[in-house]
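Numbers restart at 1 for each chain; the letters A, B, ... are given by sequence-line order, proteins then strands. Basis for what follows: all heavy atoms, side chains included, without hydrogens, waters or symmetry-related copies.
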Amino acid sequence: MKFSTLYIKTLRDDPQEAETVSHKLMIRAGLVKKISTGIYAYLPLGLKVLQHIMKAVREELNMIGCSELLLPALIPSDPWKKTGRWDLYGKEMFRLSDRTDRLFCLGPTHEEVVTEVVKNDIRSYRDLPLYVYQIQAKYRDELRPRFGIVRAKEFIMKDLYSFHADNDCLEKGYKKVFHAYEKIFERCSIKSIPVEADNGAIGGAYSHEFVAQTPIGETAYVICSSCGYAANLEAARSKVAICSSHEESKKEMSEMATPGKKTIEEVSTFLNQDPSKFLKTLCYRNQKGKKILAIVRGDDEVNEAKLKKIAGADIEWSHEDQELMGFVGPAGMSGVLIVADERTKKIINAICGANKVDAHFMNVNYERDWKAQLSGDIREVKDKDLCPECGKELSLSLGMELGHTFVLNDRYTKPLEVKFASVDGRMKTVLMGCYGIGISRMIAALIEQHHDEKGLTWPVQMAPYKVIVIPVNAESEEQTILAEKLSNELNSNGISNIWDDRNLSPGVKFKDAELIGFPYAVILGKCLEEGLAEIKVRKTGETFKIPLNDVIEKLKQWME
RNA sequence: CGGGAAGUGGCUCAGCUUGGUAGAGCGCUUGGUUCGGGACUAAGAGGCCGCGGGUUCAAAUCCCGCCUUCCCGACCA
């Protein structure tokens, strides 16, 4: 392939639209072009990478017995209504109607559709288990698209769905996919770790996220270096230290004037009391409009995902009672649902808002002065908390979520009535699992993990082209002839390559080669007099002078 | 939606404070010289200064409204 005939345009400067490394490089190296916020066109080089990723994904999934299919992106509302998600999904779903006013959406995910498709073809236990997947564009009206293709309105996802006759089989299937995922990321040279996760809006029993270690992470997770426990913050647990004040004797509750002191920090300084003695109280409201008070210790934060799980419903911030903000507390409150973090019950002589402006209660004690209807773990795990499994320190980091595996059980199959005849002849509901991988996002993760100050440093198997052939002087007939010959030979050896035939000064060609990140550059220049070519390794910057005739052999050897 | 920044040839940016008919570098076209690290040279092409309104003899520049984009927070692969 000749550089001059391919559609490759690089940029000399960082684009002003981009901030993060991968976003900048993707645009500069001509992998993608922005069409609108969160909507990107994949240019030839970007598409190549995408194809390499998809190839790895397909091969690993086919290997474990999955069948590829392609579902529509345009989906009627009916199946969504049956599972209740037409209402649950909210503003994130792109909705539209046809000319007869029938409602549709652009698929943000495909549990409903795939279930409808498969439904009548699963008749007996003999048809199970079944694994089907697709690689397709998904559409989500994101609150805030971010980091180029990382969080986009349109993105490419691989979604796999598995159907099972019983729990045991579902478990086994889940593990199988889990291992396939590990292999996929490894093959793509993306460092990632599986962490326990929350199911969120998708529902179901349990799940894992595969998080890539990147600086532009949006997923916070904790990991224990000693036993390997890893979980994202929405699911993370920790062994928490017992409150230091547990040995005090209970004192009488009293009211204290705290004029203008709203935050825990302000009040604790004002009263000269440790933040851990406070009952931090946050106001939420559930979908029915019922007010919910979430109580955590003053030095803790509420984790909304955990709170939702315990409150058993979708919740949102309550914005009324602005003037009371900072002075709310569980003591003496009625007509509200109080959800307490387990830890708060043990605080003796606690301090909380007195539910009137400029006042707090002192010496508040559980059972005696306040009670919670619901309690459990709703606090957010912090860096250096203790591991729930082994008790050693946890460390908190950020990463990019690339894959997510869910056990859904009958969350979708029940409302959509997917049944099969079991061995004993009775009809049973099919159990389901679903497993996603953010294909397009993987390019960004790959770049975040493989770049340097000069540009991209692709792992060989992911590079858009493996080799670039650079004749230093485009006017030299000898170099031109040799370059073309070499390029053809590489092709016939199955090594993808580009011959940089452009009549430009050498510097430009070198810079472009480094920016785009061809793993190997074969340079034809001065050393030709001695019958030598130079091979420059992008990742290490090393150069090797090698007899012309050995170039292909050498490259083949290195690429293994 | 809240908070911050920005919109000027294809790209990166200057000009705006103090209004006076639009600039640079890169890229592009043509000729010449060059050819191991974003070359040199000469001559060109290319701009409703984000959109709408207002102030003014005169607006890229001042005022008002809107749109778009990026970053930080609430959502997620």
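Distance from the side chain of A/Arg441 is smallest for B/rA77 among the nucleotides B/rA77, B/rG36, B/rG37. Side-chain proximity of A/Glu92 to the nucleotides B/rC75, B/rG37, B/rC70 is greatest for B/rC75. When each of B/rC35, B/rC70, B/rG27 is scored by its nearest atom to the side-chain atoms of A/Arg12, the top-ranked nucleotide is B/rG27. The nucleotide whose nearest atom lies closest to any side-chain atom of A/Ser36 is, among B/rA77, B/rU69, B/rC70, B/rU69. Nearest to the side-chain atoms of A/Arg144 among the listed nucleotides B/rC72, B/rG37, B/rC75 stands B/rC72. Considering only side-chain atoms of A/Glu17, the nucleotide from B/rU12, B/rC70, B/rG36 that sits closest is B/rC70. The side chain of A/Lys526 has B/rG36 as its nearest neighbour among B/rG37, B/rG36, B/rC75. Distance from the side chain of A/Gln16 is smallest to B/rC13 among B/rC13, B/rG73, B/rG37. The side chain of A/Glu234 lies closest to B/rC76 when the candidates are B/rC76, B/rU12, B/rG36.
At the heavy-atom level, A/Lys536 lies under 4.0 Å from base atoms of the strands shown. At a threshold of 4.0 angstrom between heavy atoms, the contacts of A/Leu143 include nucleobase atoms, whether or not backbone atoms are also involved. Using a 4.0 Å heavy-atom criterion, one finds that A/Ser476 contacts no nucleic acid atom at all. Across all strands shown, A/Ala152 has heavy atoms under 4.0 Å from base atoms, whether or not it also approaches the sugar-phosphate. Nucleic acid contact class of A/Gly525 (heavy atoms, under 4.0 Å, all strands): base.
Taking atom CG of A/Leu504 as the reference point, atom P of B/rU34 lies 17 Å away to the nearest angstrom. Rounded to an integer number of Å, the gap from A/Tyr40 OH to B/rU69 C1' is 10 Å. Rounded to an integer number of Å, the gap from CD1 of A/Ile443 to P of B/rA77 is 19 Å.
For B/rC76, its base sits under 3.5 Å from the side chain of A/Arg151 at one donor and acceptor pair at least. For B/rG37, the base has no donor-acceptor partner in the side chain of A/Lys454 [N/O atoms by modelled type, under 3.5 angstrom]. No N or O donor and acceptor, one from the side chain of A/Arg502 and one from the base of B/rG27, sit under 3.5 Å apart.
Mapped onto RNA chain B by nearest heavy atom, A/Glu475 and A/Phe155 fall at different nucleotides, with A/Glu475 at the one closer to the 5' end. Judged by closest nucleotide on RNA chain B, A/Asp512 is the one of A/Gly438 and A/Asp512 placed further toward the 5' end.
The same atom, C1', is picked in B/rA6 and in B/rC13; the two are 12 Å apart, to the nearest Å.
Contacts classified as ring pair (Phe, Tyr, Trp, His ring centres under 6.0 Å) and involving residues 501-545 of chain A (residues at least two apart or in different chains) are given here: A/Tyr520-A/Trp558, A/Phe544-A/Trp558. Screening residues 49-64 of chain A for salt bridge (charged side-chain N to carboxylate O under 4.0 Å, His left out) gives A/Lys55-A/Glu59, A/Arg58-A/Glu68, A/Glu59-A/Arg187, A/Glu60-A/Lys183, A/Glu60-A/Arg187 as the qualifying pairs, with residues at least two apart or on separate chains.
Residue A/Val467 forms a side chain to side chain contact (heavy atoms under 4.5 Å, CB included) with just one option from A/Asn497, A/Ile498, A/Val551, and that option is A/Asn497.
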message: Show, in sequence, the C-alpha distance, side-chain angles and deciding distance for A/Tyr435 and A/His404, and conclude whether the ring pair (Phe, Tyr, Trp, His ring centres under 6.0 Å) test is met.
response: CA-CA 6 Å; A/Tyr435 322 84; A/His404 206 151; over 10 Å; no
- request: For side chain to side chain donor-acceptor pair (under 3.5 Å), just list the numbers for A/Thr405 and A/Tyr181, CA-CA rounded to whole Å, side-chain angles, deciding distance to a tenth of an Å, and then say yes or no.
  value: CA-CA 9 Å; A/Thr405 55; A/Tyr181 271 33; over 6 Å; no
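Taken from CG in A/Leu555 to CD1 in A/Ile535, the straight-line distance is 4.0 Å, to the nearest 0.5 Å.
Side-chain N/O atoms of A/Thr37 include one lying less than 4.0 angstrom from OP1 or OP2 on B/rU69.
Using the Watson-Crick or G-U wobble rule with both distances under 3.5 Å, B/rG65 pairs with B/rC51.
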